[in-house]
Amino acid sequence: MAIILVSGLPRSGTSLMMQMLQAGGLDLLMDEHRPADPDNPRGYYEYEPVKALGRDNSWLPRVEGKAVKVVSALLTYLPAGLNYQIILMQRPMAEVLASQKQMLQRLGRQGSTADDQTLGKIFGRQLAETENWLARQAHITVLSVNYRDVLQDPESSASLVARFIGLPLKIAEMAAVVDPTLYRQRQTQANPR
Amino acid sequence: MGQRLAKRVLLLGWDGADWQMIQPLLDAGHMPHLERLINRGVMGNLATLKPILSPMLWTSIATGKRADRHGIYGFIEPRADGQGVRPVSCTSLKAQTLWSILSGREMRSAVVGWYATHPAGRGAGTVVSNYFYHAQGENFERWAFDPAAVAPASLHEVMQDLRAHPADLSFEQIKFFIPEAGRIDQEKDRRLETLARYLAECVTVHAAGTYLAEQTDWDLLAVYYDTIDRLGHEFMWYRAPKMAHVSDADFEIYRHVLDRSYIYHDLMLGRYLQLTGPETTVIIVSDHGFFSDHLRPTPRAGANTPPPLMCHRPYGIFVAGGPSLKRDELVFGAFLLDVAPTVLALLGLPVARDMEGRVLPIFAVPVEPEFIETYETAENREETTGETGDEDPWAAQEALKQLVALGYVEAPPEDAAKAVRMAEVQKLANLAEVHLAKREPGKAAALLEELLRRQPKNNQAKLQLAQCRLSLGKIEGCQTLVDEVFKDEPQSPWALNVYGLIEFARRNWTQALEHFLKAAAAAPALPQIQRQIGATCLRLGKLAQAEAAYRKSLDLEGDNPLTYDGLGMALYRQEKYAEAEECFLRSLGCLYHQPLVQFHLGIALAAQGKLTPAIQSLQRALEFNPNLKEAHKVLIKVYRAQGHEALAHYHKTKAQELPDQEEAEADEA
């Protein structure tokens, strides 16, 4: 049985997708290490050991049949020998960076000192390289899901995800968790990633 | 493609090699192969760049660009995963190297041991990287071969066996460098082990280089040896004349190491000349020189060797011999950035306009190279980028910081994080120095401000920032910084120097001189302060005192183009025109591209009635800086003296179009 991963850059809609999967009836691997806050009022749906995937992947076999959130920067640490299905969230880079900035401000933390344009290019390049790497891994399948599409047509997106995973998820319940009012840092269509 | 002037080019890098070591050995007949090469070619100084750090310099040699444009900022860089630091790698490169340019043009290149060539296999011909030759483990069998150090893979097997481990060296081989080696108690004295390590690395590089020279086809073979510099940092202090802090026993045992290392390099050169034949153009360069005489620095209290950067002389060597070159001639004013354009011209390849050097005038028949705007195209970039995991480590670091701050990735261990912070600080400091040397105070200031945010007590950075602000006309901001340093380090000669520069900028020559004299009293061995004294005395009309100060500066430091120029002006104003001419020529011999010095040479020649060479120098000054109004004004007089009214009128028109100019500013420390 494959390990289901929800991935993408931070603030690209990964928490929303985790909520949808949970509502659809899928078990999640998560803990309460980071509780809900104004940036994610419904919670982060994270599993703390994921952050150290680069040096410890011993927890991965526990995920079989469940879904876990793994930031895209860590995907290349996934060990061989297991099968993975990755739902890769995509969102315009400007929106991602704006959301990250807001979150950092709220946390009172300093992230990168690079300007948005530079950081956007770095993240964009890293994501592209990761996607190229994923495409070459026989044990990994990837479904790219556009965050805007989820908000605009949650039912279609839920169906797409269910078909990809190959499990009988509850589509209506998945669609019902989508709340467009939580779509902040929205950019116009003229401001793509 | 232009006319190809070299069938192929062998480019040898001898880190730290210095004419002051080589010349006596040549004179004594101890370097016959180099002598032969010089006799069929050209030789000269090769001016270095600041900061004098080898990974930055060798990459400048390979790319024709300074560090702000080639991306190698020092010895170390963060690991892409943030788990500490590593030696600089080619993933940080932002500019095309000679070998990647040749690969892009379907020419054959091979490079051995060069900085920032690891990992190999990034589309740049045959590469034996700088990770290849550092021995590990207690013997050869325990020395794991890194396949990422050699490309193509077909060379892995042979290259593995070409490596030399220090344990493989015989005592007889060591005795060539240390005839008295039998006297060393190796239980207590690890210096023999150090020599063995560097020698083994040298042998490994040489084995790889000569193998490729003989067994493969190439248009360019570039081989880098760090042995002279490494041995210099360990053993130069034992060379004659004996330094005061060296014991008699150490002097007797270790005094021959450096001279023998040069002789060994000559032997290696002989092998290359034998293998490559007279049709190959051979170029030997070093990135900087190395003090080997009374200017050798002494170690600080508690240390065995002086700080490495104090040991480097700003002039390395340039030698080139080949069929299309001048024979037995000197080349003047060459600097590091000239190597890449010259190699390209030899191979008939266009020189990029965004390279920062020139094609050296070393050809028997003058060459008009072809030019292109740049080799930095998206296509070229793609060919030399690697796979996932080989990304620019500095960019990866920025992304990692963001992810850690957002709480998505664990922070690296504190020792790793500390090492990364140090690498970042070094990058800021080194880049700031690059911009200072390029006379870009605004860019340097931005980096220094960031550096001071991370290291608020860094007085050196404060003084550099102060000088930037002075250059930008922000005198008050400059004063504040210097006051902070002076409060922290009363009588700091560096702070006093900057106080002097502030008064100099205000044209308060007397007050400036007071500060510079106090700085000199606090630090009598600093050549740049003597130079400031000279410049200020010139302003005050104290010509004899200016001359004395400049001469003292030369005694302290040796060749310096600014000092020669200053001395030349002091002599010129005392109407010692022939001596002044000699000084200006020496200045240009150090560094060719100095429009003001070309102008000074022009007026010294004109004062002696040497009008034709005066015109040449003045025209050259205007080539480098068309806005040099004074050069136009002198040309008016000179052309009139020769009866060329039309040309005099032309320069009169030009002069009238230009605003009046300030005198040359005091040079920066």
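Convention: sequence-line order gives letters A, B, ...; per-chain numbering from 1.
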Chain B interface, residue from A/Ala73, A/Ala52, A/Gly54 that has the most non-hydrogen pairs under 4.5 Å: A/Ala52
Who wins among A/Arg125, A/Lys69, A/Lys121, A/Arg55 for the most heavy-atom pairs under 4.5 Å with chain B? A/Arg55
Other residues, nucleotides, ligands: >12 heavy atoms within 6.0 Å of [X] [atom1]:
X: B/Glu106; atom1: CD; value: no
X: A/Gln117; atom1: CD; value: no
X: B/Gln460; atom1: CD; value: no

Considering all heavy atoms of both residues, which atom of A/Arg109 and which atom of B/Ala405 are nearest to each other, and what is their separation?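 Minimum heavy-atom separation between A/Arg109 and B/Ala405: NH1-O, 2.6 Å.
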Looking only at heavy atoms, the pair that brings B/Ala396 and A/Gln126 closest together is CA-NE2, 3.8 Å
Please round to the nearest 0.5 Å and tell me the distance separating atom [atom1] of [X] and atom [atom2] of [Y].
X: B/Leu400; Y: A/Ile122; atom1: CG; atom2: CD1; value: 11.5 Å
X: A/Thr113; Y: B/Arg454; atom1: OG1; atom2: CZ; value: 6.0 Å
X: A/Met103; Y: B/Leu406; atom1: CE; atom2: CG; value: 5.5 Å

Can A/Arg11 be said to sit on top of B/Tyr408's aromatic six-ring, NZ or CZ under 6.0 Å from centre and within 45° of the ring axis?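 No, A/Arg11 does not lie over the aromatic ring of B/Tyr408.
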Checking B/Gln402 against A/Leu104 for the side-chain contact (heavy atoms from CB on, under 4.5 Å) test, could you report, in this order, the C-alpha distance in whole Å, the side-chain angles of both residues, the deciding distance, and whether it holds? CA-CA 9 Å; B/Gln402 186 84 343; A/Leu104 287 170; 3.6 Å; yes
Under 4.5 Å from any heavy atom of chain B - which part of A/Gln110: backbone
